[in-house]
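Only one structure is covered here, and it is reproduced in the block below.
Whatever order the structure lists them in is the order used to number ligands and atoms, beginning at 1.
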Amino acid sequence: MNEFLYPIKQSIQKLDLVIPTDHSIPEIPDLLNRTVLLGGKRLRPALCFLMGQAFGLSSERLAPFARAAEFTHSASLAHDDVVDSARTRRNSKTINEESSNKRAVLAGDLLLARVMVELSQQGDVDIIYDLARVVEDLVNGEWLQMDIRGRTDVTINELIEVSLRKTASLMSWCCTVAARISPNYSMELLEETKYFGQNLGIAFQMMDDVIDFNKQGEKDYAKDLKEGIVNYVICDLLNKHPEKRIAVQEILGQTEIKNFPWAPEELDVSIKNIEKLAASYLAKAAKSLEKIKNLVPSVTDTSEQSYAALENLLLFLSLRKN
Ligand code: GRG
């Protein structure tokens, strides 16, 4: 986590992701701890803590929601790796590779069950309802992405629909949770935090697709294409050069791509276009943050620092390379 996100660093480090074994076979938490719960940027808990602390809430009050967000994210990763037959995640073996598809699905289910148990203990039905809608979105988003796979005629709007459901929905929930438990709760605050999270999430996905073409990055180069997915960058490239559609169709889904059917400069133009598009969504998020600040002005140093960290987070997302 970047140093300008200082106000949440401690909360994130203290974030408890231990699964109690009084009701569960210890082998399942063991497997989860070695795989989907290990590493990761912890962006979703960071959003819960930052928005909540901006509203004057304590990290203790926010911790169960931050934990639920990371558990839901991790459950979705476990299932995603099975759906995609993925072998590596975060430079390590995926949960399905470490165990088996069957065990990975069950371990993901256990995490979701923990979320239900622990959120119901918080006693706020609206928050549980919102998260259940997020899980629906994650499933529908994954399904839509499956339908898009192999298609070279996919549109930017279709990709935004997938991003909203697969990526932005949970990030948005992390922000709305803070609004729901804030003493300053209002419908306006709820809507604005939702909108902030959605725009941040869409931009996050666009930058993820840009990073897919970072040769120095941690991730496999052009992973989306190899998985049969035309992402934002290639979608833009095909919009500018429709004549390349047949050549892209031929390399789509190939595990090893020898020659890319575009000049490096052509790809660079599309990367810049998607960076600009992501910046426009981050600008929308920044505008929402201004409105949120007016609705809940900061009264303490922690609150002020948390708003500043949220602003920095938007900047960080536009610059991140991994
Ligand atoms: C069981 C909840 C559940 C869902 C099942 C498989 C599925 C339906 C949904 C897939 C959702 C999914 C994996 C979305 C990807 C979202 C995304 C951008 C992941 C990468 O997020 P980072 O970069 O990951 O924050 P780290 O590694 O930092 O945690």
Side-chain angles (χ1 to χ4, degrees), residues 1-2 5 8 12 15 17 32-33 35-48 66-86 88-96 101 103-116 119 128 130-149 159-174 197-198 200-212 214 217-220 223-224 227 229 231-232 278 281 313 316-317 320-322:
M1 193 60 68
N2 206 285
L5 302 176
I8 42 123
I12 296 291
L15 180 67
L17 294 176
L32 290 163
N33 290 336
T35 55
V36 285
L37 289 177
L38 189 70
K41 292 180 284 300
R42 310 287 191 229
L43 174 62
R44 293 145 193 89
L47 282 171
C48 278
R67 176 175 157 98
E70 195 62 14
F71 277 180
T72 305
H73 171 56
S74 304
S76 80
L77 297 183
H79 287 190
D80 194 50
D81 287 340
V82 172
V83 172
D84 292 346
S85 306
T88 58
R89 174 172 294 279
R90 301 170 184 152
N91 290 323
S92 297
K93 275 190 199 173
T94 53
I95 185 165
N96 43 312
N101 281 349
R103 287 177 197 276
V105 169
L106 291 175
D109 288 343
L110 184 90
L111 274 178
L112 271 192
R114 280 309 316 162
V115 171
M116 287 187 242
L119 277 190
I128 302 172
D130 288 348
L131 190 62
R133 297 305 294 241
V134 168
V135 176
E136 279 187 335
D137 271 333
L138 295 176
V139 173
N140 282 302
E142 182 66 20
W143 194 283
L144 277 178
Q145 193 175 59
M146 249 168 27
D147 288 347
I148 279 172
R149 208 168 285 229
L159 293 179
I160 289 176
E161 175 71 21
V162 173
S163 306
L164 259 175
R165 290 173 184 265
K166 252 193 91 168
T167 307
S169 58
L170 184 53
M171 294 180 185
S172 186
W173 180 84
C174 294
Q198 285 179 332
L200 178 148
I202 292 171
F204 178 91
Q205 188 57 61
M206 289 175 175
M207 289 310 294
D208 229 43
D209 290 6
V210 165
I211 292 166
D212 196 40
N214 178 8
E218 281 170 12
K219 292 182 190 165
D220 184 16
K223 187 166 175 278
D224 290 336
E227 288 177 357
I229 295 167
N231 70 15
Y232 283 107
Y281 280 90
L313 180 61
F316 169 67
L317 292 183
R320 81 185 177 105
K321 298 278 176 249
N322 274 306

- Query: When you look at Y232 and Q205, which way does the side chain to side chain contact (heavy atoms under 4.5 Å, CB included) test go after all the steps?
  - Reply: CA-CA 9 Å; Y232 283 107; Q205 188 57 61; 4.1 Å; yes

N/O donor-acceptor pairs under 3.5 Å from side chains in residues 141-148, not counting sequence neighbours:
from	atom 1	to	atom 2	distance (Å)
E142	OE1	K166	NZ	3.0
Q145	OE1	K166	NZ	2.8

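- For D84, the side chain to side chain donor-acceptor pair (under 3.5 Å) partners two or more places apart in sequence, or in a different chain, are R149.
- At a heavy-atom cutoff of 4.0 Å, ligand 1 is surrounded by G40, K41, R44, H73, S76, L77, H79, D80, R90, L112, L138, V139, E142, K166, T167, F204, Q205.
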- Item | side chain to side chain contact (heavy atoms under 4.5 Å, CB included) evaluation trace for L77 with H73 | CA-CA 6 Å; L77 297 183; H73 171 56; 3.6 Å; yes

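- N214 meets the side chain to side chain donor-acceptor pair (under 3.5 Å) test with no other residue; sequence neighbours excluded.
- To the nearest 0.5 Å, atom CG of residue L313 and atom CG of residue L43 are 6.0 Å apart.
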